[in-house]
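Data first, discussion second: the structure below is written as structure tokens.
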Amino acid sequence: MQAIIKAKKLSLSQHAQKAGLLASVAFIAVLGTGLPMIAHAQSTVSQTISFNIRAQNLGSALAGFADRAGLKLLMRSDMVSGKTSPAVQGTMTREQALGRLLSGSGLNYSIQGTTLTIHDPAGSAQSVVAPDGTVTLNTITVTNGGSIAAAEAPYHTAAPTSYISEQTIERFRGASPADIFRGTPGVMSGEARNGAGAIDVNIRGMQGMGRVATTIDGAENAINVYQGYQGISNRTFVDPDFLGGIDIQKGSDAASSGIAGTVAMRTIEAGDIVKEGSRFGLRVKGGFGTNSSKPEEGNVAGYKIENRGYPLPQQSDIDYVNNSKVSASDNTMNRPAFLKPTNGSGSIVAAMQDENIELLAGYAYRKRGNYHAGKNGPAADIINRGGMIACLQYCNVPSNYQWFPNFIENTGIANFRPGEQVLNTQLETESLLLKGKVMFGDGHSIQLGYTGFDSEAGAIKANALNSLQLQAKQHRLTTDMEAHTGTFKYRWDPADNDLINLKANLWGTKLKQRNPTDWLPADAPADFKSGPDLWTWGGDISNRSQFTTPYGDFDMTYGASYKKEDTKPTEATRKWDTFLDLRDGTREEAAAYIKTAYKPVDWLTVNGGMRYSHMWSRDRSQTHINHPDMVYGKARFKQGGFSPSFGVTIEPFEGAQFYTNYSSTLRAPSIMEAVSAFNMTVNEDTKAERANNWEIGANFIQNDLIAGTDQAMLKLGYFNWDVKDYIARDFHRYANSQNVRIFNIDRARFSGFEMSANYALGGFEATLAANYYLNVEFCRTAETCENKSLYADYATNQVPPKYGIDLTLTQKLLDDALTVGGRISYTASRASGHGDVTGQGMSQFITMINWQPYTLVDVFAEYKINDTYTASVRVENLTDRFYVDPLSLAQQPGPGRTFYASLTANF
């Protein structure tokens, strides 16, 4: 995909485009005078590098060169418009490679430190030489080691994609890895506060059960964790210090297995660590945070309310003996001073980059106690309502309503007081990253990788904190997780053959999750924890072929994949945790696909694809519970089918794309839905989901929108998803019993709008992200569609906010040594309601977690002390807002105002 923008003289249509872009960015910020970009001459470095750059447009070739050489690229977009470059292959110096790339282009270059600047001495927009000899350039494009291709790619892609850069992760990483998705339209992470430091991605209201394919360097390390009657958590683990960027695709694609989308996380490479001109590199990072306290076993948070009533009718002469009361402890109201360090993290990464070999090793550690909630907002607040009729539980039964002489109620959105310690949120993790890459002969390369993740996290079973009456209690034992992932990657991309761009991957993950039990047998060890061992492995192979015919250009990608999951409880779990029967079974899925983009003329692209997938599963569960309607150890699933897709992209003038895409994608039941477990009946009649997704969107990119040195980018999209045979869960009455079961409802529907915009002028940049849901509905039958979630379904707490808006502003100062910025995020109320008892079952099997609209403000500052040291500070939740995150399974607040400081050294 091209990362460089071609420029032409404005036609009447371009004037219209310019006016539209101007209107879209006018409200982002009030712009001042742009800071000039300065480039300096640089002495050459004679180190040789192995290059493998095929003949292509000059802009993309230069971006690829910068990526390989580890340079930041500064370049005016119009300088490379319409120009191509020859192939550059072999081992040579940077200067030799650049000479070949720029031959015949009329362009010059200079290298200053790690910055490569492309000059056009004969261009219409001439450079200006200042008295001190520096060169001031006009319109420029900036790329750091090829990152522009990723950062700007969504605005060049005729599909709903997003990208989260390493820089954004560093500036807005939050208290949990789940926070890094804030600011991405249509994308959130569930269980941000009770997820044991994990990621559980939700795309446009769909989440869990493999609906979102989440990978780290192409491998999965996901596990499902039982949360009592509140459902399950879907957890993926990664340390943010090791992330180099995140690519997000919303919706399905012939090449991906995610019915709702794909989240591909990339870990850092040797090129991210080794400085230009060096062979070895070392990055050391350390920092501290505030707003946390050491966990103390037995502490209890919030208010204890004891409402005392009696069955109707009211008898005033006995009211005096039924006095309700409330109590609370001071042990959790110990919030430390704003700038007092109470938690910390550190990492060290060493790397070597040679002509044909790259090596990297990294270690990261972080530890935090329980964080404290904010003080401003709907925290716990006690009100005495006086005498009234009320019900405390099972309110669908009329006889459960009683008379209370003085009814006490918590009017907050969680049972935590302002600034109170949020119990069981402590986290301690260790991570290890190892990579080795060998490049040899004609574009061949092999890479081996290993990631290890070990954590001890405070966590609760979510059903223990799903109402305002329940109090959080600090547990003695933590939830422990251990993951080991190995990857093998082979690439073959010969520079002189556009028919071959081969990728082959093999990966495997061993994951262990251990949780404290609700009921501990008398003969069990005091520190016993139950849980599963999960082994997942897979592989895929694909090739991309590009060729030109007299009838147009073709771009074809085709491949195949395979994945196997094997989960079972530990032997100790079988022995001592007999109440909770964990899943024991296997699931396999294989797929093959092909997708083609055909470009008959410059302004039109037609694409189409086909995927065939097949799933097998086997239930190995042993019978622990005598249940007349439960199927144990016998369930078998075999399902498969085709998933077609097609789309059209029109580019009527330079810098504009209009696209329409359609896909019909199949998702067979996941291992959680196909294997029996505690109190859940496997339904062998369950059919695969079929998502019929429409996407309509447009991309606009314009230089010189307001000033002569600015760039504006805008991405707009409308989506309409119709998921036929949506796999849900309900509370079902059988002939001999009643139980929870997996079943198909008629469909689920999700539709709405999304927008991303970016404006850059000199050292100033503004980014706006927004989304709005038109409809979120679930249809038990074709005639009973409602804007409500089902009463016992996992999706109850997967419904996103009605809309969200995020605005990020940054400004470079002091010759770009200092960068300051911030982000303001608004989250609206829930996009749909919850079901009713009569239509959904006898009781509220899953409680809907309530949140109220809220606004968060985060600010940061980064100062580059010199070429080696960079200091940064940030304040998250600057206004100290008390809030509850959407997509939570427990009624607990997020962290209040927190200060972070770090120092990074690059040697």
Side-chain angles (χ1 to χ4, degrees), residues 196 198 208-210 219-228 231-237 452-455 459 461 477 479-486 507-521 523-525 527-538 562-590 615-627 630-638 668-684 686 729 740 742 794:
M209 306 301 181
E220 297 181 14
N221 72 10
I223 191 170
N224 301 110
V225 180
Y226 177 69
Q227 289 289 359
I232 58 172
S233 292
N234 311 277
R235 297 176 179 175
T236 295
F237 300 88
F453 189 91
D454 195 341
S455 73
K461 195 165 287 184
L477 299 177
T479 290
D480 304 336
M481 203 286 304
E482 182 181 328
H484 304 275
T485 301
W507 57 272
T509 296
K510 182 69 174 179
L511 195 150
K512 300 178 180 179
Q513 177 92 22
R514 301 293 182 264
N515 306 293
T517 60
D518 292 331
W519 294 276
L520 188 67
D523 60 338
D527 59 350
F528 167 70
K529 300 176 184 180
S530 69
D533 287 342
L534 176 65
W535 164 245
T536 307
W537 72 273
Y562 171 82
K563 183 178 76 170
K564 180 175 182 178
E565 302 168 85
D566 189 315
T567 183
K568 61 182 179 181
T570 64
E571 290 304 316
T573 300
R574 295 185 191 277
K575 180 178 180 181
W576 285 310
D577 194 5
T578 56
F579 176 79
L580 181 61
D581 186 40
L582 298 178
R583 286 167 174 81
D584 187 347
T586 63
R587 182 185 187 275
E588 301 171 78
E589 184 166 353
M615 180 276 280
W616 307 262
S617 70
R618 183 168 70 92
D619 190 348
R620 300 182 306 220
S621 301
Q622 302 177 19
T623 303
H624 294 298
I625 304 173
N626 291 321
H627 196 294
M630 186 74 93
V631 179
Y632 268 92
K634 300 178 181 178
R636 300 289 188 273
F637 279 84
K638 290 184 179 181
S670 69
I671 196 168
M672 291 293 291
E673 297 160 322
V675 177
S676 56
F678 165 72
N679 205 34
M680 195 200 82
T681 303
V682 172
N683 182 1
E684 291 182 294
T686 303
R729 190 182 74 156
V740 186
I742 296 294
Y794 297 125

Is it true that Asp533 and Arg514 have a side-chain N and a carboxylate O under 4.0 angstrom from each other?
yes

Are any of the side-chain heavy atoms of Glu673 and Met209 separated by less than 4.5 Å?
yes

Should Lys564 and Glu589 count as an ion pair when the cut-off is N to O under 4.0 Å?
no

Between the side chains of Lys529 and Asp480, is the shortest nitrogen-to-carboxylate-oxygen separation below 4.0 Å, so that they form an ion pair?
yes

Any donor and acceptor pair, going by atom type alone, linking the side chain of Arg235 with main-chain N or O of Asn224 inside 3.5 Å?
no

When you compare the side chain of Leu511 with that of Met481, does any pair of heavy atoms fall below 4.5 Å?
yes

Below 30° counts as parallel, above 60° as perpendicular, anything between as tilted: where do the rings of Phe237 and Phe453 land?
tilted

In Å, rounded to the nearest 0.5 Å, how long is the span from CD of Glu482 to NZ of Lys510?
10.0 Å

Nearest-0.5 Å distance that lies between atom OG1 in Thr573 and atom CG in Leu582
6.0 Å

Please report the interatomic distance OG1(Thr586) to CD1(Ile671), rounded to the nearest 0.5 Å.
6.5 Å

Shortest non-hydrogen separation from Thr567 to Pro532 and the atoms involved
OG1-CB, 3.9 Å

With heavy-atom distances below 4.5 Å as the criterion, would you say the side chains of Pro516 and Phe528 are in contact?
no

Within the distance-only criterion (no hydrogens, no angle test), does the side chain of Glu684 pair as donor or acceptor with the backbone N or O of Arg636 below 3.5 angstrom?
yes

Can you name the nearest heavy-atom pair linking Tyr562 to Ala590, along with the distance?
CD1-CB, 4.1 Å

Is there a side-chain hydrogen bond (donor to acceptor under 3.5 Å, both in side chains) between Thr485 and Asn221 once you walk through the steps?
CA-CA 7 Å; Thr485 301; Asn221 72 10; 4.9 Å; no

Sequence neighbours left out, what passes salt bridge (Lys or Arg N to Asp or Glu O under 4.0 Å) with Asp584? Give chain and number order.
Arg574, Arg620

Work out which heavy atom in Arg583 is nearest to a heavy atom in Pro569; give both atom names and the distance.
O-CD, 3.5 Å

To the nearest 0.5 Å, tell me how far Arg729 CZ sits from Met672 CE.
9.0 Å

Value for OG (Ser670) from CD1 (Ile742), rounded to nearest 0.5 Å, stands at 7.5 Å

pair Phe637-Thr686: side-chain heavy atoms closer than 4.5 Å
yes

Check whether any side-chain heavy atom of Gln513 lies under 4.5 Å from a side-chain heavy atom of Leu534, and answer yes or no.
no

Pro669 backbone acceptor or donor facing Arg587 side chain under 3.5 Å:
yes

Answer yes or no: is there a donor N or O on one side and an acceptor on the other, between the side chain of Thr509 and the main chain of Glu220, under 3.5 Å?
yes

Just wondering, do Lys563 and Trp537 contact through their side chains at under 4.5 Å, heavy atoms?
no

Side chains of Glu588 and Ser617: closer than 4.5 Å at any heavy-atom pair?
no

